[in-house]
*Asks:* 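Could you have a look at this structure, given as structure tokens, before my questions?
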Amino acid sequence: MAKRPLMSGNWKMYMNTASGLDLVKSLKANCGDVKDRDILIFVPFTLLAPIAKELDGTNVWVGAQNMYFEKEGAFTGEISPLQILDTGAKWVLLGHSERRHVFGETNDLINKKLKSALAHGLKPVLCVGELLEEREGGKIEEVLKTQTKGGFKELSKEDAAKVVIAYEPVWAIGTGKTASPEDADEAHKIIREILASIYDQGTADNMRILYGGSVKPDNVDGLMAKPNIDGSLVGGASLKADGFTRIVKFQ
Ligand code: PEP
């Protein structure tokens, strides 16, 4: 672990107002004493405003799970960066594998979203990661290169430095299969080398790269002990206050 960790949760399409507020009230109480790491949750659009209000002034930050790149317009069903900011949320998750593989998002679209988020002052977490067949076909490096270079296309060094990356091997998301700490660390190293080749070593070294994919209370410590792993993006295990608190408080 090289820098201040960022421990984040992705609620996906789960929770309602009552259960979401209950969960964040517990997190607030459990994590008020956490001083040496950052905490962030990505909640459904309908819960952004009430949860941002509940967490205002606390050390638990809130973000949206997706956005469109235009600031307004005839884009039925989409949500803009300005609308996210209007709820009080300051972060946005982009390029999650479910967006890429269920909804067909391309690197070009994700790149437009990333530029728009930064232009509007939203803090982005950009997800990258390979499918099982890509891993088995020895294509990890190629996939990470395409997704990272595609995502960061035409981004200045100053803007790139504001981005957090989440490495999420698709075969480990929601499956109970976690990358071993060694495999995850190796993939993070590859991503850092790609960033250094686009920008420079200093910029790459300073960027936070989170691991996501079946992170649980019983495997977080081993993952977070690795030098290239700067935090976690947690799906299923972020839906329970006690489990997520244990993950946030990894040792
Ligand atoms: C995720 O939703 O980004 C994720 C990593 O899910 P899970 O922890 O459930 O694998």
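First listed ligand is number 1; within each ligand, the first listed atom is number 1.
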*Asks:* Side-chain donor-acceptor contacts of residues 61-69 below 3.5 Å, not counting sequence neighbours, with atom names and distances?
*Replies:*
residue: Gln65; atom: NE2; partner: Lys12; partner atom: O; Å: 3.0
residue: Gln65; atom: NE2; partner: Phe42; partner atom: O; Å: 3.2
residue: Asn66; atom: OD1; partner: Lys113; partner atom: NZ; Å: 2.8

*Asks:* Does atom NZ of Lys28 have more than 12 heavy-atom neighbours, drawn from other residues, nucleotides or ligands, at distances under 6.0 Å?
*Replies:* yes

*Asks:* Could you state the interatomic distance from OG1 (Thr148) to CD1 (Ile198), rounded to the nearest 0.5 Å?
*Replies:* 6.5 Å

*Asks:* Taking only heavy atoms of the protein into account, state which residues are under 4.0 angstrom from an atom of ligand 1, in chain and number order.
*Replies:* Asn10, Lys12, His96, Glu168, Ala172, Ile173, Gly174, Gly212, Gly213, Ser214, Leu233, Val234, Gly235, Gly236

*Asks:* Tell me every residue that passes side-chain contact (heavy atoms from CB on, under 4.5 Å) with Ser156, counting only those two or more places apart in sequence or in another chain.
*Replies:* Glu158, Asp159

*Asks:* For the backbone of Lys71 and the side chain of Ser80, can you confirm whether one donor and one acceptor N or O come within less than 3.5 Å of each other?
*Replies:* yes

*Asks:* Checking Lys189 now: which residues fulfil side-chain contact (heavy atoms from CB on, under 4.5 Å) with it, not counting sequence neighbours?
*Replies:* Glu186, Glu193, Asn228

